[in-house]
Structure formats: structure tokens, C-alpha cells
Amino acid sequence: MEIPPADINWFAETFSESYEVFYEAWLTAGSPELSDEPSPEQLADAMDQLISLLYRFEDNSQLLLPPTTTESTGPDLSELGNYGFSILENLAQLTNELGMESNHYPWESLAIALALWIARRGGDLSLISLTVNGLATIANDSMEPRQLEQLYHTMGEILDAVSPTISEEGQSDDLQHPWRLLLLNRAIVATRTLSPRLMEEAFGSITEYLPDEAPEFFREGMGQVEIQNYPEQVRDVIRQFCENWPTNRILH
């Protein structure tokens, strides 16, 4: 699985093709009503309207108001992005409820593409669960350091665009919070790139935002690099962070 492009043409075409396949499967299953969420037709209509707005935004960046605009003046780019994520999450939920193979439908890839498109235009991201899941899937399929480095920078783009409210929530006790998972996954990807520079950057974010989890993360990381027989410069970085953030570290 490759990193999808932040391109509305690709997004629109991929959604249309995928939705047709999904809709046929839904009809074959007898058009079941599986939840209180909108029907597939309603979700498709909503996405068509959203895509039209996004196209208009590309044609005229002044059409929509910047992310700081108040709600009373109309929807901003961040709101439109979150609307798109909610549609994709609903479709992913319906896919699971129908018992379909979720990897046959690129809802996660579409979420990544939309997130990057929004991020590169200054919008904030709030609904990031599907995006984070998609990035984790790519990480599991990536092996080459160059591919992993590209993925690392993509993860960084997403992290930088996450709204402050969501990043603050991610520093709570919710171990499955998507922002927290993305921060940790980026550090794992950094290690797999074999780049000490990226590792130090990603590990620094762990110590800054998740200091309570840092000792265990670095301890487990040290065990993994020994098993994988990583180069010495990679071991040195993790060893340094392990020593600076021991398990029994006492804060003053």
C-alpha cells in the first residue's frame, strides 16, 4: 500500500469507483439497514457535494474562509475536512457491519489523501482515526528505508495539522487515542528508517508529549533493535534515550 496523493482528482475518482463496488455488494446483501447511521446513498450524495466544494476551493482559494473564521460566517476548510472524514468513517463502519473484507475498500487511503490535502492548505484535523489506521497499515507493508522515510514525513505532516484540542486529548490516559498512536507509530517508523536524525526528532516528541510512556517505549525499542540486529548508530540513539529516561526516573 502506497501513500495516496493529496489530489482531489484522485480522491474523487477513487471514491466513485470504490463506492460503486461497495454499493453493489450492499444491494446483493439485500440493502440491510445495519445501524442508525445514514444510508449508503445518503453518504454518497454527501460526498459528491463535499467534493464539489473542494474543487471550488482549489479553483478559487478565496471562496472558502480560512480556518480561523467563525462558524456564523460559513463552513471553513477544517469543517469540510471533518465532514469528509465522518462520511468515510460511516462507510468503513458499514463495510465492517456487512462482514466485507475492509482491505478491499480504500476508505483509509481516502482519509489519508483528504488529510494531506487539508493539512497542506492550512486546515486543522480533528477526526483522524481512519487516517491513523491507514498510516499504520502502510507502515506494516513498508520495508525500504526510503519508503519509510517518506512515510515518516507524511506522519509528521498529519501530526502538525492536528488541532490543539485533539493533541491535548491525546496526552490523557486514553492509550488508544489516535493522536497518541500516531506519535508512537511515527517513532517506530523513524527507527526502521535507520536514520539517527529522524529517530532523535521522533523520540524527542515522545519525551515531550508522553513522558510517562517514554521509559517503557525506549526499553522495548532497545529490545527490538537487538533482535533485528540494527546498525550500531541506531542502537546508540535508543541507548541514549533509555539512559536519559530510565524506568525508575524521578521527576523533581
Side-chain angles (χ1 to χ4, degrees), residues 1-7 108-109 111-113 115-125 128 131-164 166-171 175-249 251:
M1 181 177 174
E2 298 182 353
I3 298 173
D7 180 84
E108 292 178 354
S109 293
I112 295 172
L116 287 172
W117 192 89
I118 296 294
R120 292 173 185 177
R121 285 158 181 79
D124 288 339
L125 305 174
I128 61 171
T131 302
V132 172
N133 290 343
L135 292 169
T137 299
I138 295 175
N140 291 334
D141 292 340
S142 299
M143 299 298 295
E144 296 294 330
R146 185 171 60 179
Q147 294 175 322
L148 291 165
E149 184 168 347
Q150 182 184 11
L151 177 60
Y152 174 86
H153 291 302
T154 298
M155 288 175 156
E157 280 193 80
I158 301 300
L159 281 169
D160 289 343
V162 171
S163 73
I166 299 303
S167 60
E168 289 174 8
E169 289 178 0
Q171 298 172 54
L175 299 182
Q176 297 302 312
H177 192 284
W179 178 88
R180 177 187 292 254
L181 295 177
L182 181 56
L183 198 69
L184 294 170
N185 287 343
R186 187 182 68 148
I188 294 171
V189 168
T191 304
R192 292 175 60 199
T193 67
L194 309 181
S195 168
R197 177 180 61 84
L198 297 184
M199 291 171 63
E200 290 174 357
E201 180 180 70
F203 291 177
S205 295
I206 299 294
T207 62
E208 179 179 0
Y209 297 110
L210 303 175
D212 293 340
E213 289 188 46
E216 181 66 14
F217 179 83
F218 298 137
R219 186 187 67 79
E220 292 182 358
M222 196 68 216
Q224 285 299 313
V225 296
E226 294 293 347
I227 294 174
Q228 300 294 331
N229 195 28
Y230 279 1
E232 190 61 33
Q233 65 268 25
V234 173
R235 302 187 193 192
D236 287 342
V237 174
I238 299 186
R239 187 179 297 114
Q240 177 185 353
F241 277 87
C242 279
E243 292 173 354
N244 291 338
W245 290 83
T247 303
N248 60 351
R249 185 170 184 266
L251 298 179

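Start at 1 with the first residue, then count along the sequence. In what follows, every heavy atom counts, from backbone to side chain, and hydrogens, waters and symmetry copies are set aside. Since this is a predicted model, take the numbers as computed values, not measurements.
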Distance check, rounded to the nearest 0.5 Å: [X] atom [atom1] versus [Y] atom [atom2]?
| X | Y | atom1 | atom2 | answer |
| --- | --- | --- | --- | --- |
| Arg197 | Met199 | CZ | CE | 12.5 Å |
| Asn229 | Arg235 | CG | CZ | 5.0 Å |
| Gln240 | Glu200 | CD | CD | 6.0 Å |
| Leu183 | Ile188 | CG | CD1 | 10.5 Å |
| Thr207 | Asn244 | OG1 | CG | 9.0 Å |
| Leu159 | Thr154 | CG | OG1 | 11.0 Å |

Residue pair [X] / [Y]: nearest heavy atoms and the distance that separates them:
| X | Y | result |
| --- | --- | --- |
| Ala139 | Arg192 | O-NH1, 2.8 Å |
| Gln233 | Pro196 | CG-CG, 3.9 Å |
| Leu116 | Ala6 | CB-CB, 3.7 Å |
| Thr193 | Glu149 | CG2-N, 3.6 Å |
| Glu157 | Ala119 | O-CB, 4.2 Å |
| Ile166 | Leu125 | CG1-O, 4.2 Å |

pair [X]-[Y]: side-chain heavy atoms closer than 4.5 Å:
| X | Y | answer |
| --- | --- | --- |
| His153 | Leu198 | yes |
| Leu135 | Val189 | no |
| Ile238 | Thr191 | yes |
| Phe218 | Glu243 | no |
| Glu208 | Gln171 | no |
| Glu2 | Ile138 | no |

I'd like to know whether the aromatic ring centres of Phe203 and Trp245 sit less than 6.0 Å apart in this structure.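 Between Phe203 and Trp245, the centre distance exceeds or equals 6.0 Å.
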
Does OH belonging to Tyr209 count more than 12 external heavy atoms closer than 6.0 Å? no

Thinking salt bridges, do Arg219 and Glu216 make one under a 4.0 Å N-O criterion?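 Result for this pair is yes, salt bridge flagged.
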
For a side chain to side chain donor-acceptor pair (under 3.5 Å) check, start with the C-alpha distance between Ser205 and Arg186, then their side-chain angles and the critical distance, and finish with the verdict. CA-CA 10 Å; Ser205 295; Arg186 187 182 68 148; 3.0 Å; yes

